[in-house]
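Please read these numbers as outputs of a predicted model, since none were measured by experiment. So that the names make sense, note that chain A is the first sequence line, chain B the second, and so on, each numbered from 1.
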Amino acid sequence: MLDINWIKANPEAFDRALSGRKSVPFRSAELIALDDQRRMVIASVEEAQAKRNTLSKQIGQAKAQKDEAKAQALLEEVAHLKDVVQNGEAARKDAEDKLRNALSIIPNLPLEDVPVGDDESDNVEYFGPNGSPETAAKSRPAKPTFSFAPREHFETGEALGMMDFEVAAKLSGSRFVVLKSQLARLERAIGQFMLDLHVDEHGYTEVLPPLLVRDDALYGTNQLPKFEEDLFFVPHGDGRLALIPTAEVPLTNMVRESILSAEQLPMRLTALTPCFRSEAGSAGRDTRGMLRQHQFNKVEMVAITAPEKSGDEHEKMVSDAEDVLKRLGIHYRVMTLSTGDMGFGAQKTYDLEAWLPGQDTYREISSVSVCGDFQARRMDARFRDTDGKVRHVHTLNGSGVAVGRALIAVMENYQQEDGSVAIPDVLQPYMKGLKTIGARS
RNA sequence: GGAGAGGUGGCAGAGUGGUCGAAUGCACCGCACUCGAAAUGCGGCGUGGGGGCAACUCCACCGGGGGUUCGAAUCCCUCCCUCUCCGCCA
């Protein structure tokens with residue numbers, strides 16, 4: 001959620017910043033009009049309240065002095081104000097709701113250095129701070145070469161008898177998968193490896209959060225009110241709870257409605273959780289294999305920082321995610337998303353795209369975003385800075401990385417001609433030393 | 001699931017219809033005393049919003065929402081949460 005006062009002070013900057021965004025429902029002038037209306041209503045209702053308070057106080061004093069006649073006279077004078085105040089309060093709530101509802105569907109403002117564009121074709125490859133194609137190539141795993149035609153992950157998985165979409169469909173329908181045997185273990189190994197890496201070496205605190213959350217939490221991280229159709233809900237009492245679409249929701253909302261001390265920042269959190277997405281609107285996209293599922297595992301990183309630190313933290317978080325792919329030995333590239341391809345709440349986003357030789361293309365395996373105070377304002381998450389001033393925190397989130405997609409990447413990059421899959425060195429300790437899946441031993 | 005108790009400022013804890021935004025204690029921040037510190041004394045010490053250049057002033061907030069009333073922390077309804085006991089359960 002953006003700050004109406006800022007919009008008011010910078011209407012041209014607001015309109016210009018959002019010109020590259022898709023589907024911006026309001027321009028600054030409309031929002032300012034809603035705010036003016038709100039202030040007008042507030043001024044009039046508060047005037048009535050002040051008058052009522054004064055007279056009521058006098059009634060109290062009159063009664064204390066046993067001056068019933070005076071009290072009665074005052075009572076008659078104030079009687080009509082009751083309706084005025086009640087109507088005014090209703091009007092005030094209405095005006096405030098209108099403004100908040102409008103603001104809550106305005107996307108975040110892209111940072112200055114975000115490339116302006118319509119969609120993913122305008123994304124720009126990123127080589128790191130002060131980086132170049134040469135330095136990136138040197139520090140990242142090289143693209144693998146094959147002496148045979150590389151297969152897609154589901155071909156390998158099904159041939160091994162360890163990846164079963166048909167059984168999953170019997171249980172749950174399309175967009176689910178059953179993994180078995182060593183492939184199930186490999187998925188588990190990848191998750192453990194990544195979580196350990198972030199906790200032991202990157203400074204994150206491990207969290208095991210609830211997988212079901214309230215609407216309030218979803219509102220805080222922007223899933224509501226605009227993206228309700230992407231979520232799964234379960235009935236609960238008279239209401240409902242949502243299955244988390246990403247651990248970003250519980251992790252980020254841990255600081256909601258609180259005032260942190262400066263020493264608590266930066267707060268770095270990580271979790272390995274299942275994620276649930278209805279993938280409404282994705283019908284027909286990536287229907288083969290386990291690239292796009294209703295349920296998948298993901299290691300999520302979240303950081304809560306002071307406003308001055310969020311830019312640096314963003315770079316750190318990307319490099320933390322990159323470290324996963326480097327250690328797994330998976331070739332990848334980093335893209336800075338263009339204004340047209342960025343998510344609703346992001347100021348700036350880097351995507352990590354892993355090389356999938358079976359598909360002969362790069363696919364998103366991680367997305368790392370800095371949100372500024374956009375979510376903090378929705379959650380009312382603040383901190384007391386060193387001057388004692390209370391300000392909104394900045395929030396960041398990134399996948400570090402998607403486990404299911406990392407499994408795909410390993411299967412495609414480490415596949416061998418005989419249909420077996422070599423296990424990256426760093427995962428072998430998590431596989432009881434196993435070096436290859438599907439090999440005759 | 002059943003029965004009961006309770007949610008008040010950073011914490012503890014008063015307050016059951018009328019100068020209560022809220023006593024008191026602790027914590028914290030200034031100042032005084034001190035060579036310094038402790039102790040002591042004095043003062044300050046919540047959040048959000050409206051108006052104002054400002055000094056300042058007004059409104060709202062005692063778990064959330066709604067209601068009764070001229071007036072609600074206080075009464076009523078409802079939801080959420082915490083605790084105790086019983087039952088059930090991985």
Side-chain angles (χ1 to χ4, degrees), chain A residues 1-9 31-104 208-220 224 234-242 250 253-265 274 373 376-393:
Chain A
M1 177 122 72
L2 297 169
D3 181 1
I4 184 64
N5 291 320
W6 186 88
I7 295 172
K8 240 175 150 156
L31 295 168
I32 291 169
L34 285 174
D35 189 53
D36 288 342
Q37 173 64 22
R38 174 184 141 263
R39 284 169 196 255
M40 220 179 70
V41 171
I42 285 175
S44 92
V45 68
E46 287 195 350
E47 190 188 342
Q49 283 173 322
K51 200 162 165 192
R52 180 204 62 190
N53 289 349
T54 309
L55 291 173
S56 291
K57 210 165 270 184
Q58 287 171 12
I59 293 175
Q61 285 165 354
K63 292 211 167 177
Q65 292 159 11
K66 305 270 188 248
D67 188 348
E68 281 302 325
K70 187 179 175 194
Q72 202 55 43
L74 287 166
L75 247 164
E76 281 163 30
E77 190 179 343
V78 79
H80 81 281
L81 277 178
K82 188 184 177 181
D83 283 344
V84 175
V85 168
Q86 275 183 349
N87 293 339
E89 278 171 348
R92 173 185 187 147
K93 189 168 184 297
D94 186 55
E96 287 175 343
D97 284 349
K98 273 189 179 134
L99 178 64
R100 185 162 358 90
N101 290 343
L103 283 173
S104 72
L208 201 145
L211 306 180
L212 293 164
V213 294
R214 300 170 187 269
D215 280 17
D216 286 346
L218 295 160
Y219 181 85
L224 291 180
V234 296
H236 178 62
D238 294 331
R240 64 179 185 179
L241 290 171
N253 276 282
M254 281 172 68
V255 299
R256 68 177 290 116
E257 292 160 53
S258 61
I259 300 178
L260 305 168
S261 64
E263 301 82 64
Q264 289 175 274
L265 304 179
D373 60 9
R377 196 168 280 115
R378 296 170 87 100
M379 295 189 297
D380 196 22
R382 294 165 296 171
F383 79 110
R384 202 176 299 278
D385 68 19
T386 42
D387 297 331
K389 251 185 78 183
V390 176
R391 293 191 286 157
H392 286 106
V393 297

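- Between A:K57 and B:G71 there is no side-chain polar atom (N or O) within less than 4.0 angstrom of OP1 or OP2.
- The interatomic distance linking A:K8 (NZ) with B:G50 (C1') rounds to 11 Å, in whole Å.
- Pairing of B:U19, defined by two Watson-Crick or G-U wobble distances under 3.5 Å, is not identified with any nucleotide.
- When the P atom is used for both B:G44 and B:U57, the distance is 15 Å, rounded to whole Å.
- At B:G50, none of the side-chain N or O atoms of A:R92 fall inside 4.0 Å of OP1 or OP2 (strictly under the cut-off).
- No contact: A:A79 has no heavy atom under 4.0 Å from any strand.
- Contact annotation: A:R39 side-chain N/O to B:G49 OP1/OP2 distance is not under 4.0 Å.
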Handout entry: Verdict with supporting geometry, A:D36 and A:R38, salt bridge (charged side-chain N to carboxylate O under 4.0 Å, His left out)
Key = CA-CA 5 Å; A:D36 288 342; A:R38 174 184 141 263; over 6 Å; no

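- Relative to the six-membered ring of A:F383, A:R391 misses at least one condition, a distance below 6.0 Å or an angle of at most 45° to the axis.
- Distance, A:L212 CG to B:C80 P: 16 Å, rounded to whole Å.
- Across the C1' atoms, B:G18 and B:C28 are found 34 Å apart, a figure rounded to whole Å.
- Judged purely by atom type and a 3.5 angstrom limit, A:Q264 uses its side chain to pair as donor or acceptor with the backbone of A:S261.
- Listed by chain and residue number, nothing satisfies the side chain to side chain donor-acceptor pair (under 3.5 Å) test with A:R214 (two or more places apart in sequence, or in another chain).
- Summarising the geometry, the separation between CD1 on A:I59 and C1' on B:G17 is reported as 13 Å, rounded to the nearest angstrom.
- Distances shorter than 4.0 Å separate some side-chain N or O of A:R382 from OP1 or OP2 on B:G48.
- Dashed line: the shortest gap from a side-chain N or O of A:R52 to OP1 or OP2 of B:A72 is not under 4.0 Å.
- For B:A73, there is no paired base (Watson-Crick or G-U wobble, both distances below 3.5 Å).
- Under 4.0 angstrom from either OP1 or OP2 of B:U68 there lies at least one side-chain N or O belonging to A:Q86.
- Heavy atoms of other residues, nucleotides or ligands lying less than 6.0 angstrom from NZ of A:K93 number 12 at most.
- In this structure, B:G6 forms a base pair with B:C81, meeting either the Watson-Crick or the G-U wobble geometry with both donor-acceptor distances under 3.5 Å.
- In this model, no side-chain donor or acceptor of A:Q61 finds a partner on the base of B:G18 within 3.5 Å.
- Nucleotides B:G66 and B:G13 are separated by 30 Å at their P atoms, to the nearest Å.
- Spacing of C1' atoms, B:G21 relative to B:G15, comes out at 13 Å, to the nearest Å.
- Across all strands shown, B:G43 forms a Watson-Crick or G-U wobble pair, both distances under 3.5 Å, with B:C29.
- Between the P atoms of B:G17 and B:G65, the separation comes to 24 Å (whole Å).
- Atom name C1', nucleotides B:G25 and B:U8: the rounded distance is 16 Å, in whole Å.
- Taking 4.0 angstrom as the limit, A:N53 places a side-chain polar atom (N or O) nearer than this to OP1 or OP2 of B:C59.
- Distance CG (A:L55) to P (B:U69): 18 Å, rounded to an integer number of Å.
- For A:I42 and A:E47, each mapped to the nucleotide of RNA chain B holding its nearest heavy atom, the one lying further toward the 5' end belongs to A:I42.
- Nearest to the side-chain atoms of A:K93 among the listed nucleotides B:G66, B:C58, B:C70 stands B:G66.
- Pairing of B:C89, defined by two Watson-Crick or G-U wobble distances under 3.5 Å, is not identified with any nucleotide.
- Proximity of a side-chain donor or acceptor of A:N253 to a complementary backbone N or O of A:A217 within less than 3.5 Å is detected.
- For the pair A:D83 CG and B:U68 P, the interatomic distance rounds to 10 Å; values are reported in whole Å.
- Around atom CD of A:E47, no more than 12 heavy atoms belonging to other residues, nucleotides or ligands sit under 6.0 Å away.
- In this structure, A:E257 places its CD atom 14 Å from C1' of B:C61, rounding to the nearest Å.
- One C1' atom belongs to B:A73, the other to B:G46, and the distance between them is 16 Å to the nearest Å.
- Whole-Å rounding puts the A:D216 CG to B:G65 C1' distance at 12 Å.
- Note: CG (A:D3) to P (B:G49) measures 9 Å, nearest angstrom.
- B:U68 is unpaired under the Watson-Crick or G-U wobble criterion, no partner having all donor-acceptor distances under 3.5 Å.
- In this structure, the nucleotide among B:G71, B:G50, B:A60 sitting nearest to the side chain of A:S56 is B:G71.
- As rounded to the nearest Å, B:G52 and B:C45 have C1' atoms that lie 26 Å from one another.
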